[in-house]
Structures are given as structure tokens and as C-alpha cells.
Protein chains: 2
Amino acid sequence: MSDDDAETRSARSPGAEATAGPTWRPVSRANTYELVIDAIEEQIVAGSLTVGYPLPAERDLASKLGVSRASVREALRVLESLGVVRSSGGSGRGAGTFIAAMPSAALTRFLRLHVALTNFSLSDVTETRIQLERSSAVLAAARAGEDALAAINAQLAMMDTPGISLEVFNDADTAFHVAIAQAAGNQLFSDLTGAIRTSLRTSIFAAFNRIEDQQGLMSELQAQHRAIMAAIVAGDTEEAARLTEEHIRFAASELPGLSDD
Amino acid sequence: MSDDDAETRSARSPGAEATAGPTWRPVSRANTYELVIDAIEEQIVAGSLTVGYPLPAERDLASKLGVSRASVREALRVLESLGVVRSSGGSGRGAGTFIAAMPSAALTRFLRLHVALTNFSLSDVTETRIQLERSSAVLAAARAGEDALAAINAQLAMMDTPGISLEVFNDADTAFHVAIAQAAGNQLFSDLTGAIRTSLRTSIFAAFNRIEDQQGLMSELQAQHRAIMAAIVAGDTEEAARLTEEHIRFAASELPGLSDD
DNA sequence: CTCAGATTAATGGTCTGACCTCATAAAGGC
DNA sequence: GCCTTTATGAGGTCAGACCATTAATCTGAG
């Protein structure tokens, strides 16, 4: 069953609460697959299903819930696309559907689609990225450990490879920023940072191919990367944040079509 | 490491790899429904499908793509759960599947599930919220218009209702913060802010019901709301940001179980 | 001619049952 | 014992049927 709250019934004074929209919520005749998702989600929220735990076989689950296998599959495909579940065929160990935790791909697709639909503008996304990465830089400067710093340095080194291709540079660039977020120790920062960068991947390539001095821009970006890294290593939180914001704004302004001001 | 992302896998530069682990990724034999999603996404990214446009009927699409209707449906359910598509039965005008743009519900479910799976910790989520809302407060203080301010005030007034229930207060509280994000003019801020609050709704209730002086806490929160609003109206960006961060940290620390420090 | 009511058609929603592929586990042959 | 073969069980896909809902169309009374 759905635990929908029926608080909309109490609105009796006309005009007073009509300010922020009616909020009718049309009773939600849930589709079967939604009910299946709810049933699974209930187990997850209750803690009965944790990462790595197997779900019943699709046929079992269908008969247990009293629905068809098709409906179960639609629910599982949704959960799979959300990065909550993972399915593999075969038999025995490792076969079946399991609770997983792989949110990055889901976030990436989500952002890519909604950016394409212009539901989120490029400047909205960039601004979000700036705020997240500013905070990542601060936290990384404050508490990054040896391993985390080494991971960031590895990406810096990668970007220094002579004659590097745009694809490899860009992927290392993304990995650099994600590594900083990871050094900050916030998984949501890290996944959002990666998702934003990756969802813009195609646009970034297109923009890059529209400019003349690609190598020059890459060098400039890399110089900024080094400055950011230096601030993080020095533990200078203010400077790391400032340089990060400057870096992202610079990149957005240099790449035509990536900022819509 | 779970750097998942089914991107264009055509670019393969020899050498220059092997730095950050193997990353073999077994060629990703895409499922049929993924191919259907790709086909639709292609149209969206190319701009052939924009918000409001209809998709072919499921049966048509299935035969056009040479797959079964079940696979088409699995793809559509995924896109629907992502808030990219909306389906309704019947015939004629308004019947069928259309491109939509309703990302909030998708974000909310995504966060709720991954928080439940402890993939994102509560402090990760709270920290993200702080950064987003700090920025929202700054932008709102800088550029909020009459209507936007009125929308925020409406929620403040709602929370002042005497003898208000916890549910109504909490929903107005959420709406208050979302209204500020909306006043900032960043849709992604706004949707993320709402999603984070809504995904924690159940936890917030549980935490609230565990404390003694509910009315006292509500009053204190409301006082902070008023202070934030005053700073926004005054155009004091620094103060608005500071108060917002303070407010969120205060709430998280007061509600037992909502911060995991 | 007009309009209410019945009919029809198009669409998503659901179910059933079948068949395929694949990876493991079990049985069998050397 | 080790290797090969078979059986089993899981997801992946498909075809087709039927249901529910809704707009468009037709029909007939007034």
C-alpha cells in the first residue's frame, strides 16, 4: 500500500493557501510496476535488503507479489537504471538480481537527458559544479591523506603526457576533479562532480574542436590544475576554493557554447 | 572502483593507459532496452524530440526499431522514472507517450534509495545541501524579484499558523527552502534542494518525534527562517549565506539521527 | 439542424506462456 | 583425479492476447 499523506483535505480557507499552487496530486493510481518498486524499496529502507543481497528470481518475485513477470521486469529495469540493482544471467553463484550501489551512471544519464531537454541550463549546471567543487577543494585542502593526494597527482601526470589526445586529456581532467572530490571524503560530491562533467562530455569535445589553440588552452588549464593542487597540498583552503572557482569559470568562458550568458 | 559509463567506446588510444588500474570493462553487451533508450536519447540530444513532443505509439516504436513491445516498455518505464517521459492511455489528443521534464521526483527517489543503502551518508547529503543553499541564498539576496520574495513569505506565513501540525510545518519548511532556491533562478539548485529535503522526509519525522520540545524547536527554526529572509530582503549576501549554513547545521545537530558525526 | 447517447478506434496497462542464451553445477567418461 | 558433457536455473526476448480508458465518430431522436 502507499502511505500517501492526505493532508490536502484540511485546506478550507479559499485564497489563503492558493499562493504556491494547488498541490492536488491526482490520487496516483499507481501502476503495477510502481507497486513492485515500492515493495522492494520498502525492504531496502527497512534494512532487510542491503548491498550485495540477492533478490528473489524474477519468476518467484512475480508470483510472491501476485503480478506478472513483465511488471516485475519493468520495476527491476527502473531500479537498475537508478543504479540500485544489478542483474546477471547464468546459474548458481553470481546469477540473479542483486542490490548494488552504482549511482554515478544513473546521475550521468539523468543530467545528460535533462540538460539536452534544456530543463537545466548549462549555467545552472556549471554553477552547481562550482559550488560543489569549491567545497571539495576546501575539504581536500583541510584533510586529504597521502593516498588521495597521490590519486590526484596521477591525473596531473597523465595530463602532462606529451602529444596527448583531447579525449584522454579530458578524461584525465574529469578524473582530476573527481579525485579532489574523493579526497574531500564526500561521496555525493564526487558522484555529482563526475556526473556533471561526464554528462557534458560531448559538448566539451564539440566546444574544444571549435577553438583554435587547443594545446594552448590545455596548457593553461593544466597550469591552473597545478595551482589548485599546490593550494591543496599547502592546506590553504581559501586559496584552493578561489582557484577552483576561477578555473571552472575560466574553462566555461573559454569554451564556446558551454556558457549561455 | 566503479567508473561506469556506457559512453562512446570507439575512441581507443593505444598506450598512455594502465595508470589508474586496468578498467577492462567487458565490452558491455547492451540489453535491448538500453538500445531503445539510446535511440530515444539520440533524438532528444539531436533536438528532434523536445518537451511536449509525442513519441510513436509503443507498438509502432517496437516495429520501427525491430524489437518487441516489452523491450520498448522497459525503456519507456526507465525514461518515465527519470522524469523524461510521460504516458497516458486512451485515444486522440493527450493519449500516448510524450517528452516531459519532471526531474524532481526522479532525483528524490534516487537520493532516498541511495541514502537508505548508505551509499550516501547523511552528512554527505547535508553538506551538499549546505553548499547549494548557501549559494541559493547569495543569489536570492542579490537578485530576487517581488514575486519570488512573495513566494518565500507565503511559506513563512504558513509556518506561523498556530497549532500547526508537524507535517504541514515540515512541508512548508521544505517549500521555504525551495522557494529561495527558485528565487536564485537556478533550476538544478531548486530541484536538488527539494529532492534532498523530500528524500529525508521520513527521517526528519522520526527524528522530530524523538525530541521533547517540538514546538520550541519549530519556533527556533522559524526565527532563523525570518532572519534569513531579512538578510535576503536587505540584499546582504554574506549574512544570508552565513545564516543559511548556520540554520542547516543547527537543524541537523538538533535532530537526533539526522547527523552521523 | 442540434445535441445527447452509443459505438468505434487508438493507446497504454497487464498478463501468459514460450523460447533463447548463458554460466554454473552436477554427472559422466577417460 | 581430471576433463568433458549434460542438466539446471537464472535473466533476456518475443509474440500475442485481453483489459481500461479516452477521444473521435456515428446515429437517431427532438
Quiz item: Taking only side-chain nitrogens and oxygens of B:Thr97, does any of them come within less than 4.0 Å of OP1 or OP2 of C:dG12?
Solution: yes
Quiz item: Testing B:Thr108, B:Asn170, B:Asp171 for side-chain hydrogen bond (donor to acceptor under 3.5 Å, both in side chains) with B:Arg197, which one passes?
Solution: B:Asn170
Exercise. State which of C:dC15, D:dG11, C:dG12 makes the closest approach to the side chain of A:Arg69.
Key: D:dG11
Quiz item: D:dA15, C:dT24, D:dG11: which one has an atom nearest the side-chain heavy atoms of A:Ser91?
Solution: C:dT24
Quiz prompt | Rounded distance in Å - CG (A:Leu55) to P (D:dA10) | solution = 13 Å
Self-check item: Upstream residue (5' side of DNA chain C) when A:Arg59 and A:Gly92 are each assigned their closest nucleotide
Solution: A:Arg59
Quiz item: Rounded to whole angstroms, how far apart are CG on A:Leu65 and P on C:dC15?
Solution: 11 Å
Practice problem: State, yes or no, whether a side-chain contact exists between A:Thr32 and A:Leu65 at a heavy-atom distance under 4.5 Å. | Solution: no
Quiz item: Nearest-Å distance, CG (B:Leu79) to P (C:dG12)?
Solution: 14 Å
Exercise. Nearest-nucleotide wise, let me know which of B:Gly90 and A:Glu74 is further upstream toward the 5' end of DNA chain C.
Key: B:Gly90
Exercise. May I have the distance from A:Leu76 (atom CG) to D:dG11 (atom P), rounded to whole angstrom?
Key: 8 Å
Quiz item: Under 4.0 Å between a side-chain N or O of B:Ser71 and OP1 or OP2 of D:dG12?
Solution: no
Practice problem: Would you kindly give the CZ-to-C1' distance between A:Arg86 and D:dG11, to the nearest whole Å? | Solution: 13 Å
Exercise. Report the distance from atom CZ of A:Arg93 to atom P of C:dA25, rounded to the nearest whole Å.
Key: 7 Å
Self-check item: Length of the CD-C1' vector between A:Glu34 and C:dT14, whole Å
Solution: 15 Å
Quiz item: Would a 4.5 Å heavy-atom cut-off, applied to side chains only, mark B:Arg129 and B:Val125 as touching?
Solution: no
Quiz prompt | Touch class at under 4.0 angstrom, heavy-atom based, for B:Arg77 against every strand present | solution = sugar-phosphate
Self-check item: Value in whole Å for how far the C1' atom of C:dA10 lies from CD of B:Glu58
Solution: 12 Å
Practice problem: Give a yes/no on whether any side-chain N or O of A:Ser88 is located under 4.0 angstrom from OP1 or OP2 of C:dA23. | Solution: no
Quiz item: B:Asn31 side chain: which of D:dG12, D:dC14, C:dT24 is closest?
Solution: D:dG12
Practice problem: Could you check which of D:dA24, D:dC14, C:dG12 has an atom nearest any side-chain atom of B:Thr32? | Solution: D:dC14
Exercise. Please report the closest heavy-atom contact between A:Glu41 and B:Leu113, naming both atoms and the distance.
Key: CG-CD2, 3.6 Å
Quiz item: Of the candidate nucleotides D:dA23, C:dT11, C:dT16, which contains the atom at the shortest distance from the side chain of A:Ala70?
Solution: C:dT16
Quiz item: Closest to the B:Ala57 side chain: D:dG11, C:dT11, C:dT14?
Solution: C:dT11
Quiz item: Under 4.0 Å: is that the gap between some side-chain N or O of A:Arg73 and OP1 or OP2 of D:dG11?
Solution: no
Quiz item: Quick one: do the A:Ser199 and A:Arg112 side chains pair a donor with an acceptor below 3.5 Å?
Solution: no
Quiz prompt | Any A:Leu76 side-chain heavy atom under 4.5 Å of A:Tyr33 side chain | solution = no
